[in-house]
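In what follows, every heavy atom counts, from backbone to side chain, and hydrogens, waters and symmetry copies are set aside.
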Amino acid sequence: MELSKRYQPADVEAKNYRFWEEGDYFRASVGVVGKVPFSIVIPPPNVTGRLHMGHALNNTLQDVVIRYRRMVGDEACWFPGTDHAGIATQNVVEKDLAKEGTTRHQLGRDAFVARVWDWKAKYGSEIIDQLKALGCSCDWSRLRFTLDEGLSKAVRHVFVRLYEEGLVYRGEYLVNWCPRCRTALSDLEVGHRDVDGGLYYIRYPLEKGGCLTIATTRPETMLGDTAIAVHPQDQRYQHLIGTYAILPILGRRLPIVGSESVDPEFGTGTLKVTPAHDPVDFEIGKKEGLESINILNGDGTLNEAAGPFAGMEREAAQRAVVERLKADGALEKIEPYRHAVGHCDRCDAAVEPLLSTQWFVRMRPLAEKAIAAVKDGRIQFVPERWTKLYFDWLENIRDWCISRQLWWGHRIPVWYGPDGREFVAETEEEAAARARKHYARSVELRQDEDVLDTWFSSWLWPFSVMGWPEKTEDLATFFPTSFLLTGFDILFFWVSRMVMASLCFMDDVPFRTVYITPLIVDDKGQKMSKSKGNSVDPIDLIGEYGADALRLAMAQTTGKGRTVRMPWGDLTEGRNFLNKIWNMARFVLMNLGDERPALPDQISWFEDRYILRRLSETTEAVRKNLEEYGFHLAVETLYGFTWHDVCDWYVEMAKPRIAAGDPVVRGVLYHLLRETTKLLHPFVPFITEEIWQALGEAPASVCVASYPSSSPRDPDESDVWAMTAFQGMTGGVRSIRAEWNVPATAELRVVVKADPRGPIAPVVERLETCASLTGPVEYDLAPDAIAPKGSARVVLQDLEMYVPLAGVIDLDSEAARIKKELSEMKTELDRSETKLSNEQFLKRAPEDVVEKERAKQAEFRQKRDRLQANLSSLGG
RNA sequence: GGGCGAGUAGCUCAGUUGGGAGAGCAUCCGGCUUACAUCCGGAAGGUCGCAGGUUCGAGUCCUGUCUUGCCCA
């Protein structure tokens, strides 16, 4: 196969993905004897969404893991799927309708839902295609969607069971209401941020004369006030408890109550109590048995309870109320005030606390088991610090509002009889049957209008994708899953809820290891978002750098803390690295032609043994890094080995031998290429598959080849010594050429002070190779060689080199160079000697550390003396 | 207010049981050496935020502090 000079990702990516799909390499089998199952469920992306950097990161890492496990011989299965994403998807389609000048209400529920299904059919595969473009080796035969019949059944089953166990209930509580989405939200779906507003001081007349000034950030909610509260120990107001005030404008009588919840320091120390529109007030209202007056409609306008302000929009109503208070002389003052306001995660509208009837899940009993599962080590977080946050949330958990006033989602499986009685059942038939039994006749049932929170289906994902509640072979083989990888932004939304659901319904943990990825931010450290226009499209990056380069960049973001800047540099580096790999393959194949030599048994040259040892060390390190999920370390290891050890040194040293027809070097080179290709595959699947095809090796795809194992040969210190000497000798000559501007073509004589029959003998046999790396050189070796006049000097650990450069070299500069080296060496030596003269160190440090320090000291001394001698003999 | 992360070379960041400070990019110098200029060779660049403490020994552990980012309330 002919390989192009440059690696062209576009030529190989789509082609090789097709090859994998046609070969069905990603399909996992159940019940395979002798294979360890390893499973991952994908965090399901929104079905109508597009790939973003978070997906690119998460799915790259999951793919690295699953490809690695597949290659080490596990029965690896990555379960893919998409999420129906209730509010998000409904909003997208509603926006579309708005463009057509219509609304979902005009369309009607059934037509609207049909419209969303159309949308899903049209765009739902886009995200899947994008995952494929990234190289994800999901088992597509197991693709699921959270609104599939099977998964919907799981949802209904769970709802009914929780209802029967008393863990699901319906009630009137204060919830977060998004007036834009016109639905209730859970606490998690609300983000708080500080907003500039005002603190309004309003005078409430007292029934027995005088008035009370109350500070509030929401003057318009006074229309729903049903009491006034003061701190029971507050000397200023204590005496008013039990008396009444009059609500301005509306003239309602408000009891004055005492409550510990009032902060005497805030404002005037008095609180207007609006139980229907504030969480604190709601609690006070419950305790004091106060009336709750809801003044809002679902769309955020004021309702008839607001009297003259009915029908006004919230902001307009606030202005109107303030104007009216001013006119009535009831407004004392307005101070600028910055305070936290909740906003809808999905549409960013300010959220209203609103009293309404919703369905809830009682979380505490579920949370207790979930805490225990992590405490006793059945689930482990990586990095470990996330466990604390997990515990904090679960320990302070509140009930989960699961009903949403949307149309797109799982309809709540509750039917109401004519008298409003609830019949909770998995199917309408069952509900009808129960109703018939209850009423002793057939009655008309009305299903609850609401749908369930999207996360109510996602929390079942690790087992619902495997067919639960049916008893399937997938469940028997792949549950619990081995590994979960996701961003910390859905630690509460998803991860902890999956643990709760799984312990509750499966009586087991959903996964054993949870890997939490960092968040990718832009190059200024800002969160990426569509509205800010600073988000990066991974698909564009794939087009520009190639999918494998993107994957390398993603793998390198791990280990960096909670956030990581957009790794532009790593993308370029990755692209360059791929080109390097490509050309290494090209070089080897170019020289081998059709030959596929085996690794020779007899290896006589030190560089061969050295590089094979490095391969073994690299293999071991990469395996360790992958087992411990240190993705960035694995990439760094592979990068250094491939680029520097193999390409810069081994391949360069191999060139003269190839020219000379040395069969051993061909065998070693081929071995290196094949093993490196396999080692790299989990990270860069596309390019390695392309190379694998060019090799023509078995198995047919590298993705099912077995991952290399380290086979540590006997550590031969003499090979390491020889390689170090070799690198020192070539490096020394290169330095001198660069330092004194000696052209690469000019021949140099190099006098080496070393015994050619000593340890350096293996290098002496390779002097030709040395010269091929440094330009023409004539070597003279002698144990007692003396530096010729006007020589540049190189002092290595065990030898010295002199390069006569009379007329070229400037002795002062050369002296300065050696002096600098000498002074560095003296510093090192000082440190070492101080340490060794410290009795405490000798007494307390471990023996091997002391031994090592002694060796260093000897080495430094020797080198210092050599440098000193060279410096003084420089002139003569 | 509580919690967490980050502060190491000009920039972006590695540095896993505490034991001679690293990479990539950028910079400077020299090379189109027939695998690769997405390349090769050479060089320069750091009191590891600050102050204490533990230790024979601290970038690494502890305490405090400053700067910065995020999450929760």
Side-chain angles (χ1 to χ4, degrees), chain A residues 3-7 187-188 191-192 279 340 383 385-386 388-389 391-393 396 488-489 491-492 518-519 521 523-527 545-546 549 556-570 572-591 624-625 628 630 632-633 635-636 639-640 643-644 647-648 651-652 654-655 658-659 669 730-745 772-775 817 827-829 831-832 834-846 848-850 852-853 855-857 859-860:
Chain A
L3 302 182
S4 71
K5 192 168 168 179
R6 276 188 185 186
Y7 174 56
D187 295 329
L188 282 177
H192 292 268
R385 63 170 182 271
W386 293 105
K388 188 175 158 36
L389 201 63
F391 288 142
D392 284 352
W393 187 72
N396 298 299
F488 60 79
D489 50 332
L491 183 62
F492 306 144
L519 179 76
V521 297
D523 33 7
K524 292 187 204 79
Q526 301 281 309
K527 222 179 210 172
Y545 299 92
Q556 290 191 88
T557 64
T558 59
K560 281 191 172 107
R562 290 180 57 136
T563 57
V564 54
R565 280 163 200 252
M566 180 61 210
W568 294 108
D570 293 339
T572 311
E573 187 187 310
R575 183 198 56 183
N576 295 354
F577 182 44
L578 294 175
N579 197 51
K580 194 71 186 175
I581 298 168
W582 184 253
N583 275 287
M584 168 184 148
R586 211 158 69 89
F587 174 80
V588 174
L589 293 175
M590 197 176 271
N591 283 294
K624 179 171 180 283
N625 292 333
E628 293 167 1
H632 61 303
L633 298 177
V635 169
E636 193 186 26
Y639 184 93
W643 200 311
H644 299 118
C647 291
D648 289 348
V651 168
E652 291 307 319
K655 282 177 180 173
I658 293 170
L669 272 174
T730 52
V733 176
R734 282 167 170 176
S735 273
I736 285 168
R737 275 197 199 271
E739 193 73 27
W740 301 112
N741 288 316
V742 181
T745 47
S772 81
L773 299 183
T774 62
R817 207 167 66 95
T827 312
E828 296 289 334
L829 183 59
R831 196 174 359 188
S832 189
T834 310
K835 226 174 189 179
L836 285 165
S837 62
N838 182 341
E839 277 177 41
Q840 293 298 317
F841 174 70
L842 297 176
K843 209 159 69 188
R844 306 208 179 193
D848 59 317
V849 172
V850 176
K852 214 174 138 197
E853 199 58 45
K856 272 191 273 178
Q857 185 196 31
E859 178 194 325
F860 293 155

(message) Under 3.5 Å for both pairing distances: what stems, at least three Watson-Crick or G-U pairs long, include RNA chain B?
(response) B:1-7 with B:66-72, B:10-13 with B:22-25, B:27-31 with B:39-43, B:49-53 with B:61-65
(request) Could you list the residues that satisfy side chain to side chain contact (heavy atoms under 4.5 Å, CB included) with A:Leu389, not counting sequence neighbours? (result) A:Trp386, A:Leu491, A:Phe492
(request) Return the 5'-most residue of the pair A:Leu842, A:Glu859 with respect to RNA chain B, ranking by each residue's nearest nucleotide. (result) A:Glu859
(message) Which is more 5' along RNA chain B, the nucleotide nearest A:Gly525 or the one nearest A:Gly731? Just name the residue.
(response) A:Gly731
Can you tell me, in whole Å, how much space there is between the [atom1] of [N] and that of [M]?
N	M	atom1	answer
B:rG2	B:rA44	P	49 Å
B:rG10	B:rG49	P	13 Å
B:rG18	B:rC71	C1'	32 Å
B:rA58	B:rU33	C1'	47 Å
B:rU54	B:rG64	C1'	15 Å
B:rC61	B:rG22	C1'	22 Å
B:rC50	B:rU8	C1'	14 Å
B:rA6	B:rA43	C1'	32 Å

(request) Name all residues meeting the ring pair (Phe, Tyr, Trp, His ring centres under 6.0 Å) criterion together with A:Tyr545; count only those two or more places apart in sequence or in a different chain, and write none if there are none. (result) none
(message) Just to verify, what does A:Trp643 make a ring pair (Phe, Tyr, Trp, His ring centres under 6.0 Å) with, not counting sequence neighbours?
(response) A:Tyr639
May I have the distance from [X] (atom [atom1]) to [N] (atom [atom2]), rounded to whole angstrom?
X	N	atom1	atom2	result
A:Gln526	B:rG69	CD	P	9 Å
A:Leu836	B:rG57	CG	C1'	12 Å
A:Trp740	B:rA43	CH2	C1'	14 Å
A:Lys527	B:rC70	NZ	P	8 Å
A:Leu491	B:rC72	CG	C1'	12 Å
A:His644	B:rG22	NE2	P	15 Å
A:Trp568	B:rA26	CH2	P	16 Å
A:Asp392	B:rG2	CG	P	14 Å

For [X] against [Y], the heavy-atom pair lying closest together:
X	Y	answer
A:Gly574	A:Ala549	C-CB, 3.9 Å
A:Val850	A:Leu842	CG1-CD2, 3.8 Å
A:Arg737	A:Thr774	NE-O, 2.6 Å

(message) If the condition is salt bridge (Lys or Arg N to Asp or Glu O under 4.0 Å), which residues does A:Asp648 pass it with, not counting sequence neighbours?
(response) none
(request) Could I get the full list of salt bridge (Lys or Arg N to Asp or Glu O under 4.0 Å) partners for A:Lys5, not counting sequence neighbours? (result) none
(request) Classify every nucleotide of nucleotides 30-38 of chain B by which part a protein heavy atom approaches to under 4.0 Å, writing B for the base, S for the sugar-phosphate alone and - for neither, in 5'-to-3' order. (result) -----BBSB
(request) Report, as a single string ordered 5' to 3', how protein heavy atoms within less than 4.0 Å touch nucleotides 4-19 of chain B: B base, S sugar-phosphate only, - not at all. (result) BS------SSSSB--B
(request) Determine, for A:Lys388 against A:Asp392, whether the closest basic-nitrogen to carboxylate-oxygen distance falls under 4.0 angstrom. (result) yes
(request) Measure from the side-chain heavy atoms of A:Arg831 and tell me the nearest of B:rC71, B:rA21, B:rC56. (result) B:rA21
Output all residues satisfying side chain to side chain donor-acceptor pair (under 3.5 Å) with [X], sequence neighbours left out; order by chain, then residue number.
X	result
A:Glu652	A:Lys655
A:Arg385	none
A:Lys856	A:Glu853
A:Glu839	none

